[in-house]
There are 2 protein chains.
Amino acid sequence: MTTAVKPRKKQIEQVATNLFKTKGYSATSMRDIAASVGIEAASIYSHINSKEEILHSICFRMANEFLTSINEVLNANDSIIEKFRKTVVAHVDIITGDVAASAVFWNEWRHLSEPALSEFIAMQRQYENTFKSIIEQGVNEGLFEVPSVSFAVMAMLSSLNGIQKWRNYTLPPNELNTAFADIFIKGLLK
Amino acid sequence: MTTAVKPRKKQIEQVATNLFKTKGYSATSMRDIAASVGIEAASIYSHINSKEEILHSICFRMANEFLTSINEVLNANDSIIEKFRKTVVAHVDIITGDVAASAVFWNEWRHLSEPALSEFIAMQRQYENTFKSIIEQGVNEGLFEVPSVSFAVMAMLSSLNGIQKWRNYTLPPNELNTAFADIFIKGLLK
DNA sequence: CCTACCGATCGGTAGG
DNA sequence: CCTACCGATCGGTAGG
């Protein structure tokens, strides 16, 4: 029986992700990460170049996942309500699929330095704007009624992204995604 | 014309709150705070005992505000929908009333050490449970329909608490509070 | 409120 | 992947 050995680099990133989530990026030292992996701090640098490189990798991987997912939904041939539902479900699935990485993505990106910081913020805005265009279309079709489209997007995203702070999921992931879709579709309907 | 001079201690706390919000508690040094106030780092200690004391003060002040507010609503003689509405409005008002302190309350409390940490978590739970009891009563009266009361509370609170991360309010505070109440009442109604 | 300073810890490097 | 170590910075104190 062979044991699947996780490549060190992946292991370091995973351990770091969990520590970044629990303690925060700044409060997590390279020695914390090394100790969790079971090696010396200096040895980490055989696999990665800096602490920020790990943060960069997590933040941009998640940002790409979110953007890829919303673009797929956008290109499908669905009603606007269905597009909205699919976007919410996909967003929740990405979060529950990797809660630790989502927490880092949402809470620790501010510790990126330029130019990565600006790039990351631009990706965030792009995602928000795509989501906004979906709600906007729902309003234009007379299906949704909102006091402000920006408000609706931000209220939604804050709610979904908050999952990573929950002490428990309250519902299993495959019910959580549709529960979110339902509550917000109802909330936005005219 | 006399200029109202802010007592040093209050000034230090306010400056620290803003820095904790922007950079995070761990990444904010006493020297950062001192520089923003315009004094030397060592001079801070004439007014406060430790960095954590500032965090403690912010977190517990906000926790008490939230708990006081929800208990007032609970004791009023209103319909359950009205209680729900008032709770949401009050919650949003507290956040928009001090966004920086709310951000610290929501994002930095994990850096408290025991026994304050456990006390703080208990207060959070108490608030969530009170909110939960309001929704539960709405369900019992046949007004609300939710897949899980815990889910509804957490989805709500995540959404409201997310305000502190918004790049802009999307709506002025006196419309934001009722917009939140409306969207979630609609979302929870049977 | 300042100067001067403490021990601890940080991210990271040299060299093997 | 390790030992040994670097300069910088941390929260905080002594003493005025």
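Note that the structure is a prediction, hence the values are computed from the model and not measured. Naming: A, B, ... by sequence-line order, numbering from 1 per chain.
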**Student:** Using the ring centroid of each side chain, check whether Tyr127(B) and His91(B) are separated by less than 6.0 Å.
**Tutor:** yes
**Student:** For Tyr169(A) and Val99(A), what are the C-alpha separation, side-chain angles and deciding distance, and is it a side-chain contact (heavy atoms from CB on, under 4.5 Å)?
**Tutor:** CA-CA 11 Å; Tyr169(A) 279 172; Val99(A) 204; 2.7 Å; yes
**Student:** Flag the pair Arg167(B) and Glu128(A) as a salt bridge only when some basic side-chain nitrogen lies within less than 4.0 angstrom of an acidic carboxylate oxygen.
**Tutor:**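 Salt bridge between Arg167(B) and Glu128(A), a charged N being under 4.0 Å from a carboxylate O: yes.
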**Student:** Taking the six-membered ring for Trp and the full ring for Phe, Tyr or His, determine whether the centres of Phe105(B) and Phe120(B) are under 6.0 Å apart.
**Tutor:**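 Yes: the rings meet the under 6.0 Å criterion.
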**Student:** Think Arg31(B) has a side-chain N or O under 4.0 angstrom from the OP1 or OP2 of dG12(D)?
**Tutor:**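 Negative; the distance criterion is not met.
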**Student:** For DNA chain C, which residues in residues 33-61 of chain B have a heavy atom at a distance below 4.0 Å?
**Tutor:**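 Heavy-atom cutoff 4.0 Å gives Ile39(B), Glu40(B), Ala42(B), Ser43(B), Ser46(B), His47(B).
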**Student:** Quick check against the 3.5 Å criterion: does Glu108(B) have a side-chain atom that pairs as donor or acceptor with the backbone of Tyr25(B)?
**Tutor:**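 Yes; at least one donor-acceptor contact below 3.5 Å.
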**Student:** Out of dC1(C), dG12(C), dC1(D), which has the shortest distance to the side chain of Met30(A)?
**Tutor:**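 Among the listed nucleotides, the one closest to the side chain of Met30(A) is dG12(C).
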**Student:** Under 4.5 Å between any side-chain heavy atoms of Met123(A) and Phe66(A), yes or no?
**Tutor:** no
**Student:** In this structure, are over 12 heavy atoms from other groups packed under 6.0 Å from Glu119(B) atom CD?
**Tutor:** yes
**Student:** So if you build clusters from Ile, Leu, Val, Met, Phe, Trp, Tyr with side-chain heavy-atom gaps below 4.5 Å, do Val92(B) and Val73(B) land together?
**Tutor:**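 Val92(B) does not cluster with Val73(B).
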**Student:** Give me the stems containing DNA chain D, sorted by first residue, counting only three or more consecutive Watson-Crick or G-U pairs with both distances under 3.5 Å; say none if there aren't any.
**Tutor:**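 Stem list for DNA chain D: C:1-16 with D:1-16.
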**Student:** Which residues within residues 12-29 of chain B lie with some heavy atom under 4.0 Å of an atom in DNA chain D?
**Tutor:** Thr28(B), Ser29(B)
**Student:** Might you point out which heavy atoms bring Thr178(A) and Glu175(A) nearest each other, and give the distance in Å?
**Tutor:**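 Minimum heavy-atom separation between Thr178(A) and Glu175(A): OG1-O, 3.2 Å.
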**Student:** How close do Ala155(B) and Ser159(A) get, counting heavy atoms only, and between which atoms?
**Tutor:**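 Taking every non-hydrogen atom into account, O-OG, 2.7 Å.
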